[in-house]
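One-based numbering, in listed order, for ligands and for the atoms of each. Numbering starts at 1 and runs along the sequence shown. Nothing here was measured: the structure is a model prediction, and the numbers come from that model.
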Amino acid sequence: MDFTLSAEQRQIREMVSTFVDEEVVPVASEVDHDDEFPADLVDEMAELGLLGMPFPEEYGGAGLDYHSYAIGLEEISRGSGGLGTIVAAHTSLAGNMLYEFGSEDQKSEYLTPLAEGSDIGAFALSEAGAGSDVPSMTTTARKDGDEYVIDGGKLWISNGSVADTITLFAKTDPEAGNKGISSFIVRPDEDDGFVVEGTEEKLGDKGCPTAELRFDDLRVPADRMLGEEGEGFVQALKTLNGGRITIAARGVGIARAALEEATDYANEREQFDQPIGEFQAIKHKLADMDTKVQAAKLLMHRAADRKIRDEDFIKHAAQAKLYASEVSREVANEGIQIHGGYGYTKDFPAERFYRDAKLNEIYEGTSEVLRNTIGDQVLES
Ligand SMILES: Cc1cc2nc3c(=O)[nH]c(=O)nc-3n(C[C@H](O)[C@H](O)[C@H](O)COP(=O)(O)OP(=O)(O)OC[C@H]3O[C@@H](n4cnc5c(N)ncnc54)[C@H](O)[C@@H]3O)c2cc1C
């Protein structure tokens, strides 16, 4: 077991970290306040190759291994949780759907612009009545000549209002349960019948638009189906497994930001004629926060390692995501506590980290659903 980062992994950390410190951290509060898609930052990330980190160079990607990708996403999320979601939904979800299940033609036409960052991607699975219970989705796709006609709607779609390419799930056989779900490449600017109903006002994750989408006789060419009819559910589960490693990375990144900020504050703030960091109560908080961050990081890399080795990683990704999500919320909570009253105000970013962290426990499998997944695997072993 080797815990040392390779030269390439260290290089990625340094490059993304410099970008985040110079370009993201100074505007992160503004992005949070304005809640607008940070197009300039996204363009800069595209130039640095950060929108196609895990994809091979032949498809416009950076050709990085999953450890490096997770490290990159951890650093981006350290700067801004919203930016972390933008990159994760674009890459781990939309991009990976195309990479894993697209034909060569589909990859060169739709994955390459995503990986190069000239297009933005989204992944549209959830619906108002179908979140954890994916098979209960009601969006349908009916074959009509050489097209599919899609009707229905999706809710909470990250990047949904700004995406150029959306991997969308619909039922081609509504009677067949999860075996009746298929996936399609949708191009909002080209396909008639695609409507953005609006975007959510959220607790955190600002800057990443979370959209409600409607499809009124949305016509998609039949050659934009990914794989075969009925394969959508399995494709979604496989994609979400990989995605969970990067939500773990988002958790680690936000927790690190909260810890670093709280450490600085503990060194600077004086009460009773001494820095508050010298009170054992505060020092122990920092010790627990750091220990949790390090443990979450190890689980993240363990899941990435198994994915790279092509070993089953369902339980490992679920554990990494579950633990890092809860750690990010706990560490951010203690970060506020260390800041006292200031932590409850917008004078410091501690409260933003807390709002951004909470989302990790909800999307890409809630903590309750992940415990079901892990428990099932434990019982089977
Ligand atoms: C900001 C944001 C961004 C998102 N981005 C995307 C996106 O890009 N694409 C996309 O497709 N979706 C996205 N989602 C949707 C997200 O994946 C769902 O919200 C999530 O899967 C939970 O579904 P739900 O909200 O319907 O909750 P529900 O499934 O209704 O769950 C409600 C509660 O019941 C619990 N529960 C449900 N089923 C079980 C069970 N079997 N056992 C135990 N407890 C259970 C849950 O854990 C939760 O506590 C996003 C959501 C948010 C908030």
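- Residues Ala258 and Val331 approach most closely at CB-CG1, 4.0 Å, considering heavy atoms.
- When all heavy atoms are compared, the tightest approach of Thr172 to Ser182 is OG1-OG, 2.6 Å.
- With Ser132, Pro209, Gly131 as candidates, the residue nearest to atom 28 (P) of ligand 1 on a non-hydrogen basis is Ser132.
- With a heavy-atom cut-off of 4.0 Å, Lys154 does not touch ligand 1 at all.
- For atom 39 (C) of ligand 1, the nearest non-hydrogen atom of the protein is Val369 CG2, 4.0 Å.
- Remark: the Asp2 side chain and the Thr4 side chain contain an N/O donor-acceptor pair separated by less than 3.5 Å.
- Glu368 CB, 3.5 Å is the protein heavy atom nearest to atom 44 (N) of ligand 1.
- Counting protein heavy atoms only, atom 3 (C) of ligand 1 is closest to Ser158 OG, 3.4 Å.
- Ring geometry, His301 versus His67: the interplanar angle falls from 30° to 60°, so the pair is classed tilted.
- With salt bridges taken as basic N to acidic carboxylate O contacts below 4.0 Å, none links Lys292 and Glu334.
- At a 3.5 angstrom cut-off on N or O pairs, Phe123 counts as close to ligand 1.
- If you number the atoms of ligand 1 from 1 as listed, the ones under 4.0 Å from a heavy atom of Leu359 come out as 1 (C), 2 (C), 52 (C), 53 (C).
- Under 4.0 Å from ligand 1, not a single heavy atom of Asn159 appears.
- Inclusion of Lys202 in the set of residues having an N or O under 3.5 Å from an N or O of ligand 1 is not warranted.
- The proximity of Asn372 to ligand 1, defined as any non-hydrogen pair under 4.0 Å, is limited to the side chain.
- Taking a cutoff of 4.0 Å between a charged side-chain nitrogen and a carboxylate oxygen, Glu260 and Arg256 qualify as a salt bridge.
- Distance check for atom 32 (C) of ligand 1: every protein heavy atom is found at 4.0 Å or beyond.
- Taking the charged nitrogens against the carboxylate oxygens, Arg355 and Asp32 do have a contact shorter than 4.0 Å, which makes a salt bridge.
- Looking at Thr366 against ligand 1, only its side chain comes within 4.0 Å, counting heavy atoms.
- With salt bridges taken as basic N to acidic carboxylate O contacts below 4.0 Å, one links Asp305 and Arg309.
- Glu127 and Lys154 are joined by a salt bridge, as a carboxylate oxygen and a charged side-chain nitrogen come within less than 4.0 angstrom of each other.
- Under 4.0 angstrom from ligand 1, there are no non-hydrogen atoms of Ala89.
- Checking atom 49 (O) of ligand 1 against the protein gives a heavy-atom contact under 4.0 Å.
- Polar contact check, Leu125 against ligand 1: a nitrogen or oxygen pair lies under 3.5 Å apart.
- Summary of contacts: the protein heavy atom closest to atom 12 (N) of ligand 1 is Ser126 OG, 2.7 Å.
- Of all atoms in ligand 1, numbered sequentially from 1 with element shown, those under 4.0 Å from a heavy atom of Glu364 are 17 (O).
- Of the candidates Tyr363, Trp156, Phe169, Trp156 brings a heavy atom nearest to atom 7 (C) of ligand 1.
- The contact set between ligand 1 and Ile157, taken as ligand atoms under 4.0 Å from a residue heavy atom, comprises 7 (C), 8 (O), 9 (N), 10 (C), 11 (O).
- Side-chain contact annotation: Asn96 with Thr239, donor-acceptor N/O pair under 3.5 Å absent.
- Within the 4.0 Å cut-off (strictly below), no protein heavy atom is located near atom 35 (C) of ligand 1.
- Of all non-hydrogen atoms in Ile362 and Thr366, the two that sit nearest each other are O-CG2, 3.4 Å.
- Taking a cut-off of under 4.0 Å to the non-hydrogen atoms of Ile362, the atoms of ligand 1 that pass are 20 (C).
- The distance between the ring centers of Phe169 and Phe184 does not fall below 6.0 angstrom.
- Looking at Thr210 next to ligand 1, no N or O pair under 3.5 Å apart turns up.
- The aromatic rings of Phe348 and Tyr342 lie perpendicular to each other, with more than 60° between the two planes, well past the 30° mark.
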